[in-house]
Amino acid sequence: MLQLNVLREQTDLVVAGLNKKNYKNAAQEVAAIVELDQQRRQIQSTHDELQARANAISKEIGILMKSGDREKAEASKAETSELKQQTKSLADQLSAIEEQIQQALYKLPNLPHTSVPEGRTAEDNEVVLQHGEIPQLHEGAQPHWELIQKYDIIDFELGNKISGAGFPVYKKQGARLQRALINFFLDEAMKAGYMEVQPPILVNEASGYGTGQLPDKDGQMYHAKEDNLYLIPTAEVPITNIYRDVIVPVEQLPIKNAGHTPCFRREAGSWGADVRGLNRLHQFDKVEIVQITLPEKSYEALEEMSSYIQGLLQKLELPYRVLRLCGGDMGFTSALTYDMEVYSTAQNRWLEVSSASNFETYQSNRLKLRYKTESGKTQLLHTLNGSALALPRIVAAILENNQTPDGINMPKVLHPYLGFEKIG
RNA sequence: AGAGAGUUGGCGGAGUGGUCGAACGCGGCGGUCUUGAAAACCGUUGACUGUAACAGGUCCGGGGGUUCGAAUCCCUCACUCUCUGCCA
């Protein structure tokens, strides 16, 4: 959530930022909020004045009662009753206005960093770099949804039977590959200084609001209504919410956490072409890295996360490219996002396997995640996260890019985790 | 799922209608003492809002009510704990 004082003091900057994100009616909406805030503060100060008087009188009554001066006390009581009426009415106005402001603020996305390119769709994303050779496959090479059947390692039919579309069953070497990747990713994260956590995968409403999935993405999460809990779409939610309502001691910064969880996404409305096989699922596994840093260190941290993720892709010997997302393609809560895409040779397309973002204070403002400056002021920290990595598309790319007529070669780094070097 | 108890500042824990933003202890910070440290002693120590700075206002799980006045009384919701039941 954007900070009110930023809207108030840097209105033009905010409007420009929202425009870059293709947010409609930015100027009007921001002006409306600033106007509401103006009203709010005016009412507030009148309210506070009246309240102060009432408080003072009440205190006097207390003293009069003790000293036994009943008559004077009664007189003072009458005096406060009118004050009370007025204060009540002002307080009602205040809470109505505050609610309006809150709702309006929830609707505003984060402002993009200055380096974010202009643009509306994925076409406008900027390719920052590309790495690795795109392999030449043999005649008759297949996409992964055929390979998994051929080697019987992932079964969508079984998943359909048990749950429905988008819930595959991993079997044999396929299951082993999942486990190997998870362990490999977690081990790498530990080596890079991340603390491993294993959070809950159902979260309450407050957590959903904390990281910004609510109210923005309400319909995209599975919701256990009976208990009002949400299945997490990413480990970002529970891990970042560990630090909700926390004032972090400066010496503990930066906080670096990593965790593996299943992720659940309803993907309502986004089913269609290009979602065959592992490309888009309702349930998948992911290792997520989360950082919490001082404001002045967050972009440095984002670069560090980006190169860490690239390192993983290099170790897995996958050809990839890094995109800097344009204003229109970025997530709601992000200030700058790098997407990592792996080339799927058999599908002839780039697959997004990771997304690393800096949220600056957008999440921490909701989370009330702060630190104390040297001068003793409490200030918002910056939050960041990235996938490191999401499994399904990595699996798809490994299967497709490493296929040979007589089996699929596994990347060397995974051999010790897998206990085999080849599928088939 | 049933019954009961509870939710107070970084932590523990007082406080059942008035001067309580909240005793006391621990922890933290500053100081005295010390070559240094420990101990002891003294002082200090919540957040939000607001202001040029003061002042002022709000916050004792959330919301509502009673009252001139609520941490304290009432209603309601949420959560936690204990016992019983069930269960990996």
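Note on naming: letters A, B, ... go to the chains in the order of the sequence lines (proteins, then strands), and numbering restarts at 1 for each one. Note that the structure is predicted; figures quoted are calculated from it, not measured.
Counted by atom type alone, A:E188 and A:Y194 present zero donor-acceptor pairs between their side chains at under 3.5 Å.
Taking every side-chain heavy atom of A:A52 into account, B:G56 is the closest of B:G56, B:G50, B:A47. Listed nucleotides B:G18, B:G50, B:G69 differ in distance to A:R8; the shortest reach to its side chain belongs to B:G50. Which of B:C48, B:C68, B:G57 sits closest to the side chain of A:K77 comes down to B:C68. The listed nucleotides are B:G69, B:A47, B:G65; the one nearest the side chain of A:T378 is B:A47. The side chain of A:M65 approaches B:G18 more closely than any other nucleotide in the set B:G18, B:U67, B:C48.
Relative orientation of the A:Y222 and A:F264 rings is perpendicular, given thresholds of 30° and 60° on the angle between their planes. Relative orientation of the A:H223 and A:Y230 rings is parallel, given thresholds of 30° and 60° on the angle between their planes.
Distances shown here put every side-chain N or O of A:R53 at or beyond 4.0 Å from the OP1 or OP2 atom of B:A55. OP1 or OP2 of B:C48 has at least one side-chain nitrogen or oxygen of A:R370 nearer than 4.0 Å. Considering only side-chain N and O atoms, A:S45 lies nowhere under 4.0 angstrom from the phosphate OP1 or OP2 of B:G56. Taking 4.0 angstrom as the limit, A:R41 places a side-chain polar atom (N or O) nearer than this to OP1 or OP2 of B:U51. Side-chain N/O atoms of A:Q44 include none lying less than 4.0 angstrom from OP1 or OP2 on B:U49. At least one side-chain nitrogen or oxygen of A:N55 sits closer than 4.0 Å to the OP1 or OP2 atom of B:U58. Between A:K372 and B:A47 there is a side-chain polar atom (N or O) within less than 4.0 angstrom of OP1 or OP2.
For B:U19, there is no paired base (Watson-Crick or G-U wobble, both distances below 3.5 Å). Summarising the base pairing, B:G25 is matched to B:C11 through a Watson-Crick or G-U wobble pair whose two defining distances lie under 3.5 Å. Pair assignment for B:G6 gives B:C79, based on Watson-Crick or G-U wobble hydrogen-bonding distances that are each under 3.5 Å. The partner of B:A40, taking Watson-Crick or G-U wobble pairs whose two distances both stay under 3.5 Å, is B:U32. Look at B:U67: it lacks any Watson-Crick or wobble partner with both distances under 3.5 angstrom. For B:U72, there is no paired nucleotide, since no Watson-Crick or G-U wobble pair has both relevant distances below 3.5 Å.
In this structure, NE2 of A:H47 is placed 20 Å from P of B:A55, rounded to the nearest angstrom. Per the geometry, CG belonging to A:L90 stands 15 Å off C1' belonging to B:U58, to the nearest Å. As rounded to whole Å, 14 Å separates atom P of B:C68 from atom CD of A:E79. Atom OH in A:Y209 sits about 19 Å away from atom P in B:G62, given to the nearest Å. If you measure from atom CG of A:L367 to atom P of B:A47, you get 19 Å, rounded to the nearest angstrom. Atom NZ of A:K59 is separated from atom P of B:G56 by 9 Å (rounded to the nearest Å). For the pair A:E74 CD and B:U67 C1', the interatomic distance rounds to 12 Å; values are reported in whole Å. With rounding to whole Å, A:L202 atom CG is found 14 Å from B:C79 atom P.
Both A:A56 and A:A78 lie near RNA chain B, and the one whose nearest nucleotide falls closer to the 5' end is A:A56. Between A:I57 and A:I247, the one whose closest nucleotide on RNA chain B sits nearer the 5' end is A:I247.
Spacing of P atoms, B:C59 relative to B:A22, comes out at 14 Å, to the nearest Å. Taking the P atom of each, B:G69 and B:C81 are spaced 38 Å apart, rounded to whole Å. Separating the C1' atom of B:U84 from that of B:G13 is a span of 30 Å, rounded to the nearest Å. On the P atoms, B:U44 is 37 Å away from B:C74, given to the nearest whole Å. Going from the C1' atom of B:U7 to that of B:G63 covers 16 Å, rounded to whole Å. Of the C1' atoms belonging to B:A3 and B:C86, the separation is 16 Å, rounded to the nearest Å. Between the C1' atoms of B:A52 and B:U67, the separation comes to 39 Å (whole Å). Atom C1' of B:C54 sits at a distance of 22 Å from the matching atom of B:U45, rounded to the whole Å.
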Tell me, with the steps shown, if A:S355 and A:D339 meet side-chain hydrogen bond (donor to acceptor under 3.5 Å, both in side chains). CA-CA 4 Å; A:S355 191; A:D339 267 11; 2.8 Å; yes
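Considering A:R176, A:E317, A:H415, A:Q173 as possible partners of A:M410, the one that fulfils the side-chain contact (heavy atoms from CB on, under 4.5 Å) test is A:H415.
Using a 4.0 Å heavy-atom distance criterion, A:S58 is classed as a base contact.
Evaluation of atom-type donor-acceptor distances gives a pair under 3.5 Å for the side chain of A:D48 against the base of B:G56.
The shortest non-hydrogen separation linking A:T211 to A:Q363 is O-NE2, 3.1 Å.
Checked for salt-bridge contact, A:K191 and A:D187 miss the test: no charged N lies under 4.0 Å from a carboxylate O. Between A:K171 and A:D155 there is a salt bridge, since at least one side-chain N of the basic residue sits less than 4.0 Å from a carboxylate O of the acidic one.
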